[in-house]
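We count residues from 1, following the sequence as given.
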Amino acid sequence: MLGFFNKSTTAATGPNFAGQWFATYGPMHLEQASDRVQGRYGRDLENTIEGRVADGRLNFTFQEPDASGTGWFALVKSGRFEGQWRQDGQERWLSWSGERGFEGIWTSTFGLMRLMQEGERVVGFYDGLGDSSIEGQLQDGELVFRYQEPKAGGEGRFTLARDGGSFAGQWRQDGAASWQPWVGDRLAPTGKTCLVVIEAHWQRHLMDTEYSFGGMLKEFFARIPGVQFCHRFFSNEAGLRQWCRDLMFLPDPTVVVLASHGTAEGLGVQGQTVKPQAISESLQYASNVKLLHFSACLTMQDGPLRRELAKSLRFPISGYTTSVDWAASAIAEFTFLDMVLARGLSPADAAAQLPRLLSFAGDQGFEGSAYPSAGFRILLP
């Protein structure tokens with residue numbers, strides 16, 4: 001099922017933004033003629049948007065009853081756009097994304113479901129009775145599919161509602177005669193950015209002092225109303241895979257922090273090493289991830305972990321080339337993540353500023369520094 005989900009889809013003359021979208025700020029209907037785009041958005045389509053497509057992006061202005069501003073959208077695939085907007089008179093840019101067709105995250109009869117559409121083909125994953133998958137084709141506007149669960153498989157069909165906000169359908173297990181209902185509602189973005197910390201259990205004995213880096217990040221970013229925080233722990237490879245896989249069911253842009261012991265070979269937890277393939281495989285469909293940061297030593301050294309992630313993943317990845325000092329990494333990460341989550345900088349721009357603000361974060365410290373050089377690095381897709 002790999003292959004076409006990392007390509008940006010455009011029409012022969014450029015990106016086609018026309019259609020019914022479900023977006024961060026409500027339903028949106030866009031019409032496009034050549035490079036001109038105009039439309040309406042909001043709960044009752046009460047707001048207007050218009051602009052032109054240039055260099056693969058739609059650059060637009062928007063008008064609401066009490067606000068106006070500018071922004072841009074870019075198609076990351078035929079069924080999804082990502083972009084940013086800024087109100088007139090403000091400096092901070094905020095995210096704005098949208099989906100159309102079957103593309104998106106759904107709450108369904110069998111739990112959360114992530115569907116990915118490219119042309120007539122749709123594949124996806126859902127909770128089911130364990131990790132389950134779905135794959136099918138559009139036929140006369142209806143999605144006809146096969147599903148596979150750990151202990152059963154079968155067939156089904158979904159029909160999308162006219163407004164794109166829900167689907168109705170049926171399924172039947174192989175060998176069964178009767179059909180059963182399967183319905184779903186689109187899970188819309190909340191307009192916030194998720195900060196997800198997936199942290200190893202540092203303590204190995206009852207006498208060990210209890211602490212958590214994620215707990216500190218939670219308190220620090222509680223002051224930012226546009227940030228939604230989530231914290232989970234793992235103690236082995238299966239636990240890390242579970243939480244990384246679950247990222248694809250989040251509808252909002254997400255910054256992920258993996259906090260653990262690390263080497264150039266992988267992540268360490270409870271005396272075991274989580275191999276690079278386990279991380280890349282569990283994150284390959286998390287297209288909502290905007291940054292993956294390793295709060296761990298040596299992860300950006302040239303080695304199996306760095307090479308695997310650079311080859312397999314399509315979002316910025318940051319970490320350290322050194323056995324970084326714990327306090328130095330904490331100071332650097334609070335600063336780096338604050339620039340991304342509170343100041344609106346892209347991961348690339350924040351990474352460029354970090355060693356200028358904190359010289360020890362990069363490779364050039366100074367004689368007598370209380371903190372050794374951390375060797376912070378970022379890999380850009």
Side-chain angles (χ1 to χ4, degrees), residues 3-65 67-105 115-122 138 141 160 162-165 186 188-189 191 193 251-253 287-290 314-316 344-349 380-381:
F4 58 76
F5 293 116
N6 295 323
K7 295 186 294 185
S8 177
T9 302
T10 61
T13 57
N16 182 6
F17 289 91
Q20 181 71 35
W21 297 88
F22 265 73
T24 304
Y25 300 102
M28 180 166 60
H29 180 77
L30 297 179
E31 297 179 354
Q32 182 170 344
S34 185
D35 64 342
R36 291 286 303 275
V37 177
Q38 60 181 4
R40 307 186 72 87
Y41 68 94
R43 182 174 180 179
D44 298 313
L45 298 179
E46 67 275 21
N47 309 307
T48 61
I49 183 171
E50 62 177 318
R52 287 182 178 272
V53 178
D55 298 325
R57 302 204 315 186
L58 169 59
N59 300 295
F60 63 83
T61 59
F62 67 86
Q63 182 66 56
E64 299 181 0
S68 61
T70 59
W72 60 269
F73 297 151
L75 289 183
V76 294
K77 53 191 303 188
S78 64
R80 179 177 176 82
F81 72 74
E82 295 179 359
Q84 293 182 307
W85 67 277
R86 181 171 65 182
Q87 186 174 331
D88 290 338
Q90 302 293 319
E91 294 185 0
R92 187 183 178 195
W93 290 87
L94 300 174
S95 64
W96 194 344
S97 62
E99 295 160 334
R100 61 184 171 187
F102 282 99
E103 179 79 27
I105 302 169
L115 295 179
M116 296 167 280
Q117 180 176 341
E118 195 66 46
E120 302 296 303
R121 185 183 176 208
V122 177
L138 295 182
L160 197 63
R162 178 172 296 181
D163 66 0
R186 191 182 293 274
T193 298
D252 292 296
S287 60
N288 55 321
V289 172
K290 304 306 169 195
R314 298 294 182 267
F315 39 76
L345 274 67
S346 70
D349 290 340
L380 300 175

Test ring-ring contact (aromatic ring centres under 6.0 Å, His included) applied to W85 and W93, W72, Y25, the passing residue: Y25
For F73, all residues meeting ring-ring contact (aromatic ring centres under 6.0 Å, His included), sequence neighbours excluded: F60, F81, W96
Under the ring-ring contact (aromatic ring centres under 6.0 Å, His included) test, residues paired with F22 that sit two or more places apart: none
Pairs flagged by salt bridge (charged side-chain N to carboxylate O under 4.0 Å, His left out) wherever residues 41-51 is involved - sequence neighbours left out: none
Atom of P189, atom of A23 and distance for their closest heavy-atom approach: CD-O, 4.1 Å
Pairs satisfying salt bridge (charged side-chain N to carboxylate O under 4.0 Å, His left out), at least one member in residues 16-37, at least two apart: D35-R52
Heavy-atom side-chain contact between R40 and M28 under 4.5 Å: no
side-chain hydrogen bond (donor to acceptor under 3.5 Å, both in side chains) against D252, all qualifying residues, sequence neighbours excluded: T190
Any residue meeting side-chain hydrogen bond (donor to acceptor under 3.5 Å, both in side chains) with N59, in chain and number order, not counting sequence neighbours: none
Straight-line distance of R57 CZ to Q84 CD, nearest 0.5 Å: 8.0 Å
Distance, nearest 0.5 Å, that separates OG1 of T193 from CG of N288: 11.0 Å
Pairwise distance CD(E103) to OG(S287) - rounded to 0.5 angstrom: 6.5 Å
Nearest heavy atoms of W21 and G19, plus distance in Å: CD1-O, 3.4 Å
Qualifying residues under side-chain hydrogen bond (donor to acceptor under 3.5 Å, both in side chains), relative to S95, sequence neighbours excluded: none
With sequence neighbours excluded, residues passing side-chain contact (heavy atoms from CB on, under 4.5 Å) with Q20: P27, H29
Set of residues satisfying side-chain hydrogen bond (donor to acceptor under 3.5 Å, both in side chains) with respect to T70, sequence neighbours excluded: none
Heavy-atom side-chain proximity of N47 to P65 below 4.5 angstrom: yes
Any donor-acceptor pair under 3.5 Å from Q117 side chain to G119 backbone: yes
Pairs meeting criterion salt bridge (charged side-chain N to carboxylate O under 4.0 Å, His left out) with involvement of residues 79-100, two or more places apart: R80-E82, R80-E99, E82-K290, E99-R186
Contact check, side chains of L30 and Q32, non-hydrogen atoms, under 4.5 Å: no
For P251, all residues meeting side-chain contact (heavy atoms from CB on, under 4.5 Å), sequence neighbours excluded: I105, L187
Straight-line distance of L115 CG to L160 CG, nearest 0.5 Å: 10.0 Å
T24 side-chain N/O to S97 backbone N/O, donor-acceptor pair under 3.5 Å: yes
